[in-house]
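Input: a single structure, listed below in structure tokens.
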Amino acid sequence: MEILPNKIERETEMLRELARLAQPHADTSNGTLELLEVDPIKYPSQLDLHIEGNPQPPAVVESIASIAEPNFLKLVEKFNDYETNNQELSRIGQVLKGGNNVIVATNHGNLIDIALVEAAIYSSLNKLNYQFKTGIIISKMVAMLGYKLGNDSAPCADILKILCDDVFLSFPRSESIKKSRLSRLLPNEIDRHNKLMRRLVKNKLDEGGMLLAVAPSGSKDRQNEHGGYTLQTLKSGTIDLIKHPKSYVLPVAIWLEGNEPMMEIADIPRLIASEEDAHQMMNGIAKKLSDKVESTNFKYNSPQNIGRTALSQ
């Protein structure tokens, strides 16, 4: 096993490997993403575990989000429709007002989908005068990318500061991470980083009143041999996080492919009390996607399909 003894060497090699994993996202972004140079002095988020943000008014958030997704306001309208039809936003707002948390759990078909869903909920709740904190869990790899906003560019992690009080950076348990040099270069540090990150998130959730966005699978929805997509299996660490006793989980299905974005709430906010609850929640998201995305089938890679070992850390 290749282990680098020097801390600076380990950090440098880690960032180079993260940059290699980020490069395909930049290459396939139609010019909206660019790879940042490896420079943690210039871009502190490259080594950060947690970034403190400063959420801006809805008009600012909507303006930036509309650059990233031209149809973003249609997502906001969708949540407004939920409020008109069944007061779904008020339900979420009252959970937050009561000192509990709402964890927005989405599938992950696109790099920016989870942030767009949180931005739409944030904007809509603010307009209803609810006060709350916001957080998001993103991949460490995102810190290696910049987003082009008109003629300018900004680090993706820094853009999230206009939406979130807290940005948490995690090493996902994706196949790309497993196959990368990171697991050989940093045999213990990935585990240590993620455990510390989860502890920070739990501390914030203990305080209550947080809208936290996360893609629980930690990996992109994967196209399967039948032309559909498979939502990847939740790991035990993530399940433990969303089982937080003061946190209600709101599952949201989102799909940004095609001419217009599709976004649907898959269930009312519920406490997740067990692993079975967590897997059923993901099954519900997959079913909603299959129902709403034309001619495309989605399934969740549940433990009964792949075996219990998939839940291991």
Side-chain donor or acceptor of Asn85 paired with backbone N/O of Asp81 under 3.5 Å: yes
Min side-chain heavy-atom separation His244-Asp240 under 4.5 Å: no
Please answer: with hydrophobic residues joined when any side-chain heavy atoms are less than 4.5 Å apart, are Ile268 and Tyr82 in the same cluster? no
Which word best sums up how the rings of Phe168 and His50 line up, parallel for under 30°, tilted for 30 to 60°, or perpendicular for over 60°? tilted
For Asn297 and His226, does a side-chain donor sit closer than 3.5 Å to a side-chain acceptor? no
Nearest-0.5 Å distance that lies between atom CD in Glu88 and atom OG1 in Thr84: 12.5 Å
Is atom NZ of Lys287 surrounded by more than 12 heavy atoms (other residues, nucleotides or ligands) closer than 6.0 Å? no
Looking only at atom types and distance, does a side-chain atom of Thr238 sit under 3.5 Å from a main-chain N or O of Leu234, one as donor and one as acceptor? no
Please check if Tyr147 and Tyr43 belong to a single hydrophobic cluster, counting links between Ile, Leu, Val, Met, Phe, Trp and Tyr side chain heavy atoms closer than 4.5 Å. no
Ignoring hydrogens, what is the shortest heavy-atom contact between Ala143 and Gln46? Give both atom names and the distance. O-CG, 3.5 Å
Using a 6.0 Å distance limit plus a 45 degree cone around the ring axis, check whether Lys74 lies over the aromatic ring of Phe72. no
I would like to know whether Lys78 and Glu264 meet salt bridge (Lys or Arg N to Asp or Glu O under 4.0 Å); could you show each step before the answer? CA-CA 8 Å; Lys78 184 69 177 180; Glu264 293 280 345; 2.9 Å; yes
Can you give me the closest heavy-atom contact between Ile272 and Ala278, atom names plus distance? CG2-N, 3.8 Å
If you look at every heavy atom in Ala115 and Leu160, which pair is closest and at what distance? CB-CD2, 3.8 Å
Quick one: does Asn71's side chain have a donor or acceptor within less than 3.5 Å of a partner on Leu256's backbone? no
Are the side chain of Asn126 and the backbone of Pro58 linked by a donor-acceptor contact shorter than 3.5 Å? no
Close side-chain approach of Leu212 and Val201, heavy atoms under 4.5 Å: yes
Roughly how far, to the nearest 0.5 Å, is CE of Met197 from CZ of Arg192? 15.0 Å
What pair of heavy atoms forms the shortest contact from Leu289 to Met262, and how long is it? CD2-CE, 3.5 Å
Glu118 and Thr134: side-chain donor and acceptor closer than 3.5 Å? no
If I take atom CG from residue Leu18 and atom CG from residue Leu36, how far apart are they, to the nearest 0.5 angstrom? 12.0 Å
Would you say the side chain of Lys161 lies within less than 4.5 Å of the side chain of Ile51, judging by non-hydrogen atoms? yes
Does Leu49 reach the side chain of Leu200, with side-chain heavy atoms less than 4.5 Å apart? yes
Using a 3.5 Å distance criterion without hydrogens, assess whether the side chain of Ser123 forms a donor-acceptor pair with backbone atoms of Ala119. no
Does any non-hydrogen side-chain atom of Leu241 lie less than 4.5 Å from one of Lys202? yes
Determine yes or no for a side-chain-to-main-chain donor-acceptor pair under 3.5 angstrom, with Ser274 supplying the side chain and Asp277 the backbone. yes
Assess the residue pair Met144 and Val38 against the criterion (side-chain contact (heavy atoms from CB on, under 4.5 Å)); give the C-alpha distance rounded to whole Å, side-chain angles, the decisive distance to 0.1 Å, and a yes or no. CA-CA 7 Å; Met144 308 307 299; Val38 174; 4.0 Å; yes
Taking 4.0 angstrom as the limit, do Lys133 and Asp165 come out as a salt bridge? no
Do you know which two heavy atoms are closest between Ser90 and Glu83, and how far apart they sit? OG-OE2, 2.5 Å
Is it true that the side chains of Asp27 and Gln23 contain a donor and an acceptor less than 3.5 Å apart? yes
Apply the test salt bridge (Lys or Arg N to Asp or Glu O under 4.0 Å) to residues Lys140 and Glu17: give CA-CA distance (whole Å), side-chain angles for both, the deciding distance (0.1 Å), then the verdict. CA-CA 11 Å; Lys140 281 285 296 178; Glu17 188 65 11; over 6 Å; no
Taking the side chain as every heavy atom from C-beta outward, state whether Ser247 and Leu205 have any pair of such atoms under 4.5 Å apart. yes
Supply the atom-to-atom distance Asn107 CG to Lys220 NZ, rounded to the nearest 0.5 angstrom. 11.5 Å
Point-to-point distance, once rounded to the nearest 0.5 Å, from OG of Ser170 to CD1 of Ile136: 12.0 Å
All heavy atoms of Tyr229 vs all of Asp221, minimum pair found to be CD2-O, 4.0 Å
For the pair Leu111 and Val142, evaluate side-chain contact (heavy atoms from CB on, under 4.5 Å) and give the outcome as yes or no after the intermediate values. CA-CA 9 Å; Leu111 189 68; Val142 175; 4.1 Å; yes
Can you find a heavy atom in the side chain of Ile92 that is under 4.5 Å from one in the side chain of Leu250? yes
Whether Ser63 side chain and Ala59 backbone form a donor-acceptor pair below 3.5 Å: no
CD of Glu37 to CG of Leu15: how many Å apart, nearest 0.5 Å? 11.5 Å
Walk me through it: do Leu125 and Phe132 pass the test side-chain contact (heavy atoms from CB on, under 4.5 Å)? CA-CA 9 Å; Leu125 285 175; Phe132 53 96; 3.5 Å; yes
Taking the side chain from His193 and the backbone from Lys195, do they hold a donor-acceptor pair closer than 3.5 Å? no
Please tell me if the side chains of Ile114 and Ile137 come closer than 4.5 Å, counting only heavy atoms from C-beta onward. no
Give the C-alpha distance, both sets of side-chain angles, the deciding distance and a yes or no for side-chain contact (heavy atoms from CB on, under 4.5 Å) between Glu62 and Val76. CA-CA 9 Å; Glu62 290 178 359; Val76 178; 4.2 Å; yes
Using distance alone, with no hydrogens and no angle criterion, decide if Tyr130 and Gln94 have a side-chain donor and acceptor under 3.5 Å apart. yes
